[in-house]
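Read the numbers this way: they start at 1 and go in the same order the structure lists the ligands and their atoms. The basis for the numbers below is simple: all heavy atoms, side chains too, and nothing from hydrogens, waters or symmetry mates.
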Amino acid sequence: MVKSINTRDYHDWRLQFTSENSSIGFVPTMGALHQGHLYLVQQAKRQCSQVVVSIFVNPRQFNDANDLESYPVQLEEDLALLSNEGIDIVLVPSIHEIYPVDDTSSLDMSSYAHIAQGLEGDHRPGHFQGVVDVVSRLLTIVKPQKLYLGKKDYQQLKVLEAMVRKEKFALDVIGVPTERAYSGLALSSRNALLSEDGRARASRIYEALQCAKAVALHGDSAEIACAKGKAVLQSAEGVKEEYFLIANRHTMSVNEVGSPKEWVVFCAAHVEGVRLIDNVEVFD
Ligand code: AMP
């Protein structure tokens, strides 16, 4: 039976495990779970003796108050889904367990700030600061040996890999491929805010990414690949482009993209007022 616990109960539960008798896999989420999250959970279950999932909607990573306000919350359904996956422990911390009133500190990101610039970093100021703050605090509580993150949030994965190295957390970061609907639309908690028609329109984002990828694989430049992909996106009714770019998979630089083997195509777009992001690696 799945149990949702707070930080203090988690500490008690965690005491029974050492690195000799266990491997703890950790899947941090903001809830409103879907098959993409469950795919991370399944991978963690295959590789770890215990899997801990956290559900915490992190206010620090929302740069838009309306976005935070409308973020879907469905704890009971989430717990039922995790129970079906055989998860026993779900950490559901309160806001003050993560951000005590007397601790307003933020992590120093200066040594990897370049990875957090551009793309989401430019379009959502303060977002990655909020992400590293919450994940570092969660890691200190959970003390996992493996951290599971989705490639759906590719830049987040790279920023968190850098944070884990810098802060010397002794754990492996596992990047998990993006789970998609049959139409190609990347699964996302935000898809729940779309109508059926909106979800159909949003699948053109993947089509545009795939077009850019095909052009890149054909041997064209990043500029040409981007232009062709953008054209697909711009022809999609009801889809408003925010950015469509190729960046280097290690540095996230859009100016020095390196060789095509290192290219990732990124897109942020709005459908029915919902902000969606997606990406594809040119060579996966
Ligand atoms: P979120 O609840 O949106 O913060 O996501 C929690 C984790 O699930 C993050 O590591 C995401 O990258 C990952 N994730 C979200 N959507 C997908 C997806 N469609 N496929 C794989 N991983 C995903």
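Evaluated for a side-chain hydrogen bond (donor to acceptor under 3.5 Å, both in side chains) with Tyr148, the options Gln42, Gln43, Gln47 yield exactly one hit, Gln47. Partner Glu241 forms a salt bridge (Lys or Arg N to Asp or Glu O under 4.0 Å) with one of Arg275, Lys230, Arg204 and no other, that one being Lys230.
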List, pair by pair, the atoms of ligand 1 and of the protein that are both N or O and lie under 3.5 Å apart, giving the separation rounded to 0.1 Å.
from: ligand 1; atom 1: 2 (O); to: Met30; atom 2: N; distance (Å): 2.9
from: ligand 1; atom 1: 2 (O); to: His37; atom 2: NE2; distance (Å): 2.9
from: ligand 1; atom 1: 5 (O); to: His37; atom 2: NE2; distance (Å): 3.4
from: ligand 1; atom 1: 10 (O); to: Gly150; atom 2: N; distance (Å): 2.9
from: ligand 1; atom 1: 12 (O); to: Gly150; atom 2: N; distance (Å): 3.3
from: ligand 1; atom 1: 12 (O); to: Gly150; atom 2: O; distance (Å): 3.3
from: ligand 1; atom 1: 12 (O); to: Asp153; atom 2: OD2; distance (Å): 2.6
from: ligand 1; atom 1: 16 (N); to: Leu187; atom 2: O; distance (Å): 3.4
from: ligand 1; atom 1: 19 (N); to: Glu179; atom 2: O; distance (Å): 3.0
from: ligand 1; atom 1: 19 (N); to: Leu187; atom 2: O; distance (Å): 2.8
from: ligand 1; atom 1: 20 (N); to: Glu179; atom 2: N; distance (Å): 2.9

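For Ser106 and Asp133, the side-chain atoms include at least one donor-acceptor pair closer than 3.5 Å. Between Gln61 and Asn58, the side chains place a donor N or O and an acceptor N or O closer than 3.5 Å (distance only, hydrogens not considered).
A cation-pi geometry, defined here as NZ or CZ lying under 6.0 Å from the six-membered ring centre and within 45° of its normal, holds between Lys261 and Phe283.
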Could you pull out every donor-acceptor pair under 3.5 Å between side chains of residues 157-169 and any protein atom, sequence neighbours left out?
from: Lys158; atom 1: NZ; to: Glu161; atom 2: OE1; distance (Å): 3.4

